[in-house]
Amino acid sequence: GSPHPAPGAAQLGVQKGLLAREGMWPGDCLTRTGRMCKPPLQSSRRKNIEFEPLSTTALILEDRPSNLPAKSIEEALRHRQEYDEMVAEAKKREIKEAHKRKKIMKERFKQEENIASAMVIWINEILPNWEGMRSTRRVRELWWQGLPPSVRGKVWSLAVGNELNITPELYEIFLSRAKERWKSFSETSSENDIEDAGASAADREASLELIKLDISRTFPSLYIFQKGGPYHDLLHSVLGAYTCYRPDVGYVQGMSFIAAVLILNLEEADAFIAFANLLNKPCQLAFFRVDHSMMLKYFAAFEVFFEENLPKLFLHFKSYNLTPDIYLIDWIFTLYSKSLPLDLACRVWDVFCRDGEEFLFRTGLGILRLYEDILLQMDFIHIAQFLTKLPEDITSEKLFSCIAAIQMQNSNKKWAQVFASLMKDNKEGDKNHSPALKS
């Protein structure tokens with residue numbers, strides 16, 4: 001026990017408050033008895049600085065320790081000038097950053113306003129008159145700008161169509177078959193219990209195992225499709241039902257990404273209907289069935305437009321014998337949903353639903369155009385690595401302006417005509433027993 005106990009925390013707080021009111025520095029200290037200790041003299045130097053830079057910046061103004069020679073007037077003045085320059089530079093950076101933030105916010109507000117006004121047009125004008133309006137110039141231009149998220153699923157469904165005439169009831173039938181199959185796989189390995197037309201039990205078991213593995217790798221950063229996540233069971237159901245609906249195709253790696261994007265935009269049965277119809281399109285069927293001769297035709301058609309639009313890069317790729325399959329397979333299999341940021345992939349899907357398969361290859365050329373200068377500096381390995389994992393900062397505006405610059409016309413022939421002539425050449429080649437395309 002000291003005869004003068006130290007003031008309590010509350011008392012010190014009151015004292016500090018009073019001192020602050022007297023205009024003292026926050027750095028002024030109190031002794032154990034509550035008396036004020038002298039503040040360091042240098043602090044008064046910085047009293048009037050409006051902009052407080054990082055603490056180390058101001059060290060240049062401090063006097064040297066007493067055991068070292070004092071600064072000369074010239075040196076002190078030089079240090080003051082350097083300090084003022086550092087502060088001015090920091091202020092300039094801060095103002096620049098503030099302008100940048102303001103610009104981003106302005107663009108975001110503008111974007112949100114555009115989406116809101118587009119949504120009204122889609123809901124009130126376009127969707128009620130879908131067949132009559134879908135091909136008009138006005139709608140196509142609005143479509144190019146990206147669909148408002150609230151109508152995206154509905155427009156995708158209408159654009160993809162339902163040629164297969166799948167009903168929600170049919171989905172439930174195949175889903176219950178899938179559930180029975182999962183149950184029988186977990187209970188027994190007897191082939192007789194689970195034999196089904198179209199594929200062997202071993203193939204189907206491998207298919208179900210692959211689904212399980214692939215789901216865990218689908219949009220891992222979102223944490224919604226993994227086990228325990230809100231959409232895990234839903235994704236499992238859609239993919240399982242599809243393997244029962246199309247045992248001839250089964251489950252192929254990459255399908256989980258397509259189903260996941262649909263699930264994020266549609267109700268369960270509608271997602272399945274769109275998924276099955278989407279995979280029934282000629283291009284998707286060729287890739288998911290791994291129909292090599294058809295895939296080669298798609299690659300050959302792609303190369304026709306690659307050479308037309310980006311001749312320099314085309315020759316660069318040729319010099320390394322870098323063929324389209326190296327990067328296109330992954331892009332086409334997942335419809336860019338694994339390669340591009342999700343919001344950008346959805347915008348690619350928007351126009352893919354408008355223009356069909358041609359837009360998938362046009363997007364590929366848009367990506368190559370966007371990174372042409374970088375790719376021209378790279379060798380085979382680095383190009384392959386770069387295109388397998390595209391930069392994450394890829395923006396919608398930049399990519400779509402590059403896609404818009406890609407002309408899908410070669411000697412007055414459009415994509416469909418170029419592809420048809422490759423098919424024809426192939427048939428004639430088959431007749432003459434000559435190889436159709438160099439693989």
Report summary line: Residues pairing under salt bridge (charged side-chain N to carboxylate O under 4.0 Å, His left out) where one sits in residues 152-163, two or more places apart or in two chains, turn out to be R152-D350

Requested in this report: Verify the neighbour count for atom CD of E112: are there more than 12 heavy atoms of other residues, nucleotides or ligands below 6.0 Å?
Outcome: yes

Query - Check ion pair R362-E358 (N to O, under 4.0 angstrom) - result: no

**Report entry** Side-chain donor/acceptor of N280 to backbone N/O of A276, under 3.5 Å
**Finding:** no

Report task. Evaluate the criterion side-chain hydrogen bond (donor to acceptor under 3.5 Å, both in side chains) for residue pair W415 and Q409; output intermediate values, then yes/no. Result -> CA-CA 7 Å; W415 170 269; Q409 203 143 319; over 6 Å; no

Query raised in the report: Closest heavy-atom contact between A118 and L142?
Result: CB-CD1, 4.4 Å

Query - F275 and Y242 aromatic centres sub-6.0 Å - result: yes

Query - Stepwise salt bridge (Lys or Arg N to Asp or Glu O under 4.0 Å) check, E85 with R80 - result: CA-CA 9 Å; E85 282 169 10; R80 160 59 68 185; over 6 Å; no

Report task. Return yes if some donor-acceptor pair links the side-chain N/O of H316 with the main-chain N/O of L375 below 3.5 Å, else return no. Result -> yes

**Report entry** Test salt bridge (charged side-chain N to carboxylate O under 4.0 Å, His left out) applied to K414 - qualifying residues, sequence neighbours left out
**Finding:** none

Query raised in the report: With a 4.5 Å limit on heavy-atom distance, are the side chains of D325 and F299 in contact?
Result: yes

Query raised in the report: Taking C-beta and beyond as the side chain, do L387 and L368 meet within less than 4.5 Å on heavy atoms?
Result: yes

Query raised in the report: Between K281 and V160, is there a donor-acceptor pair closer than 3.5 Å when you use the side chain of the first and the backbone of the second?
Result: yes

Query raised in the report: Got E372 and K312 here, is their nearest side-chain heavy-atom distance under 4.5 Å?
Result: yes

**Report entry** Lys/Arg N to Asp/Glu carboxylate O, E113 vs K106, below 4.0 Å
**Finding:** no

**Report entry** Centroid separation F317 to F306 less than 6.0 Å
**Finding:** yes

Query raised in the report: Is any side-chain heavy atom of L127 closer than 4.5 Å to a side-chain heavy atom of V155?
Result: yes

Report task. Check whether any side-chain heavy atom of L279 lies under 4.5 Å from a side-chain heavy atom of L285, and answer yes or no. Result -> no

Query raised in the report: Crowded around Y231 OH? As in, over 12 foreign heavy atoms under 6.0 Å?
Result: no

Query - Geometric class of the W182/H236 ring pair [parallel <30°, tilted 30-60°, perpendicular >60°] - result: tilted

Requested in this report: Flag the pair S256 / T334 as yes when at least one side-chain heavy-atom distance between them is below 4.5 Å, and no otherwise.
Outcome: no

Query - Working for salt bridge (Lys or Arg N to Asp or Glu O under 4.0 Å), residues R347 and D343 - result: CA-CA 7 Å; R347 201 174 152 195; D343 57 337; over 6 Å; no

Query - Verdict with reasoning, D355 to R140, per salt bridge (Lys or Arg N to Asp or Glu O under 4.0 Å) - result: CA-CA 10 Å; D355 294 356; R140 286 179 66 79; 3.3 Å; yes

Requested in this report: Determine the interplanar angle of the Y171 and F272 rings, folded into 0 to 90°, and report it as parallel if under 30°, tilted if 30 to 60°, perpendicular if over 60°.
Outcome: tilted

Query raised in the report: What heavy-atom pair brings A286 and Y298 nearest, and what distance separates the two atoms?
Result: CB-CE1, 4.1 Å

Query - Ring geometry between W331 and Y336 (parallel below 30°, tilted from 30 to 60°, perpendicular above 60°) - result: tilted

Query raised in the report: Would you find a donor on one side and an acceptor on the other, under 3.5 Å apart, between the side chain of D214 and the backbone of L210?
Result: no

Query raised in the report: Considering the options F288, F361, F419, which one meets the side-chain contact (heavy atoms from CB on, under 4.5 Å) requirement together with C283?
Result: F361

Query raised in the report: Counting only N and O atoms by type, is there a donor-acceptor contact under 3.5 Å from the side chain of W122 to the main-chain atoms of P148?
Result: no

